[in-house]
Amino acid sequence: MLSRSYCSAAAKPAAFLLVRQDLPAALPWRSSLPLRGRRDRRVWQISRPRTSVSERDSPAAPDGPTRVRLGRRDRGSSSSLYSRPSLAEMKSARLENRARVYEFLRGVGIVPDELDGLELPVTVEVIKERVDFLHNLGLTIEDINNYPLVLGCSVKKNMIPVLDYLGKLGVRRSTLVELLRRYPQVLHASVVVDLAPVVKYLQGMDIKPNDVPRVLEKYPEVLGFKLEGTMSTSVAYLIGIGIGRREIGGVLTRYPEILGMRVGRVIKPFVEYLEYLGVPRLAVARLIEKSPHVLGFGLDDTVIPNVELLLEFHVRRTLVPSVVVQYPEIIGTDLKPKLLNQRSLISSITELSDEEFGRVVERMPQVVSLSSTAVVKHVDFLKDCGFSLQQVKDMVVGCPQLLALNIDIMKLSFDYFRKEMERPLEDLVTFPSFFTYSLESTVKPRHRRIAKKGLKCSLAWLLNCSDEKFKERMDYDSIDLEEMDALPSFDMNTFMKHRSDDDESESDYDDEDDEEFV
């Protein structure tokens, strides 16, 4: 700090030397002071300050020592070595650069209207690099127009790190384009902050490592979810209704969209409606384990109207739960035209009544998905076997599965029935489910047992039981008549005990579409 000495008014005017070892470089007047002395010592000659108020306003004596003004230099006294552009000039340059970028984008077919608030490269070369990179990935101009904000992603800082990470996880190159079309926002994500925690969460849900990339391919939107949000609540609710913790990984692998479903708006209303129909909650849990995609059926738009259609087509209210559990797709499809077409077809070739068609749907709801060719072919086979039209109708009503079985296997079973078992055709009319049993593992061994023992029994008594139950029957002294007319039927209790997935499976991912009935 500069020291000043104040003397009395009587003292002789005299100059004094102020010696300072170092002076801050930021002082504006530093360069205007004359430098004297050695290199490491700075010496300035400064006039004695005036001691009175009057002297402060009086001009300095012409013969006095040169006084140096401490303060800013006159801005007009010297010119700067370079000139900094003004804010207006900088803004004008930015607008010119953006105009050139917009002109390039319009030239290649990209509409830049949504990019006004987005920070873009200042040169056309950089934006061209981004467009070319996305094009080389397989994205089209239309894809970019669907999400033009992707042009705000740097190739080196954003796109390449994300794509490298997805590739290391095992996402296939053939599915990458569709993944980016569905969720282009992933290119904005940070691998460490956004993507890696989601992948770790999925693995913590017992999704096998080799299934994680398949989950991301099927539902890439999951990469944008927060761990403490919808994902955790939906999983917790499913476990709460009875889905096993060991099964949750398989459920999420087959239908990862569950992770984005809100419990209060989607999952819970669906579960409660099935319970209202009469499906036990544990059966609902098993149904979701087996077919988790049912949660994606719109409740108000599809499920409820389809249930009402089943009732209109003479499906009994008490059997609607078993119909839904047997074939859950029936409440998620465009049902009305299928019901109309199938009823018209089957009635025309078997003379079924509307009520009898309802019994067919109750016993095999998959009938709504059978092709007309398959139905006609199986009915013709039964007629060729010697059954009358009335008998064919009774057999179809009693066992609609006859319309979907492999005809070659049916021929083998019928040949054995006629040549080896030597039973009348009426036995097959009474128990048409005979065709659904394995010829080699069930029919032949059991027939040999009763033939050796000389027993006479119905086909129902012979076949409609487990192997353990059949062994017990072989010890009977007589045949229980109540067991002879028993028909196979759907058992809800057995279904509730069923587990859909195999713990020994290496992968829970099913890359094939649902099987179609032909």
Side-chain angles (χ1 to χ4, degrees), residues 218-219 221 230 233-243 247-248 250-343 354 357-370 400 490-492 495-496 498 500 510 513-517:
K218 195 171 185 179
Y219 189 55
E221 291 85 351
T230 304
T233 55
S234 59
V235 170
Y237 181 82
L238 293 178
I239 293 175
I241 66 172
I243 294 181
E247 280 70 41
I248 197 67
V251 170
L252 297 178
T253 299
R254 293 192 297 277
Y255 195 67
E257 288 84 350
I258 290 174
L259 295 170
M261 292 181 176
R262 295 187 177 275
V263 171
R265 295 181 182 178
V266 180
I267 303 178
K268 186 177 179 181
F270 180 85
V271 171
E272 291 179 346
Y273 180 72
L274 292 187
E275 289 183 291
Y276 162 76
L277 292 178
V279 182
R281 171 164 287 205
L282 188 57
V284 176
R286 297 295 172 267
L287 177 63
I288 296 174
E289 288 179 2
K290 181 181 179 182
S291 305
H293 61 278
V294 298
L295 291 174
F297 297 157
L299 181 60
D300 295 328
D301 298 335
T302 306
V303 176
I304 295 177
N306 282 358
V307 170
E308 293 174 352
L309 277 173
L310 291 175
L311 297 176
E312 291 178 13
F313 278 77
H314 302 283
V315 173
R316 288 169 289 185
R317 176 67 175 78
T318 55
L319 294 179
V320 168
S322 67
V323 170
V324 172
V325 172
Q326 287 181 77
Y327 188 53
E329 282 74 11
I330 201 170
I331 60 174
T333 188
D334 187 9
L335 186 57
K336 187 171 184 177
K338 293 185 176 182
L339 286 172
L340 289 172
N341 292 337
Q342 293 299 78
R343 184 176 67 179
D354 291 348
F357 179 74
R359 305 295 85 76
V360 169
V361 175
E362 291 172 357
R363 292 189 172 97
M364 194 186 78
Q366 294 88 343
V367 70
V368 300
S369 298
L370 289 178
F490 178 78
D491 187 357
M492 186 72 75
F495 177 80
M496 287 191 291
H498 172 69
S500 61
D510 184 7
D513 295 334
D514 292 335
E515 182 181 359
E516 295 182 354
F517 296 95

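Computation of the quantities below employed the complete heavy-atom set of this structure, encompassing side-chain atoms and omitting hydrogens, waters and symmetry-equivalent molecules. Throughout, numbering of the chain's residues begins at 1 and tracks the sequence. Owing to the predicted nature of the structure, the values given are computational and were not obtained by experimental measurement.
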- Any side-chain heavy atom of L295 within less than 4.5 Å of one from M261? yes
- Message: A quick test of your reading: do over 12 heavy atoms of other residues, nucleotides or ligands sit less than 6.0 Å from CZ of R317?
- Response: yes
- Query: Any side-chain heavy-atom pair from H314 and F357 closer than 4.5 angstrom?
  - Reply: no
- Between CD1 on residue I331 and CG on residue L299, distance to nearest 0.5 Å: 9.0 Å
- Message: Under 3.5 Å, is there a donor on one side chain and an acceptor on the other for Y255 and S291?
- Response: no
- Query: More than 12 non-hydrogen atoms from neighbouring residues, nucleotides or ligands closer than 6.0 Å to NZ on K338, yes or no?
  - Reply: yes
- Distance in Å, R286 CZ paired with R281 CZ, rounded so as to fall on 0.5 Å steps: 13.0 Å
- Message: I want to check something: taking the side chain as every heavy atom from C-beta on, are R359 and R316 in contact at a cut-off of under 4.5 Å?
- Response: yes
- Message: Within 45 degrees of the ring normal and closer than 6.0 Å to the centroid, is that where the cationic atom of R363 sits relative to Y327?
- Response: no
- Query: Do you see a donor-acceptor pair shorter than 3.5 Å between the side chains of E329 and H293?
  - Reply: yes
- Message: Rounded at 0.5 Å granularity, tell me how far CG in L335 sits from CG in L309.
- Response: 5.5 Å
- Message: Once rounded to the nearest 0.5 Å, what's the spacing between atom CD1 of I288 and atom CG of L274?
- Response: 7.5 Å
- Message: Would you compute the distance between atom CD1 of I330 and atom CG of L339 and round it to the nearest 0.5 angstrom?
- Response: 6.0 Å
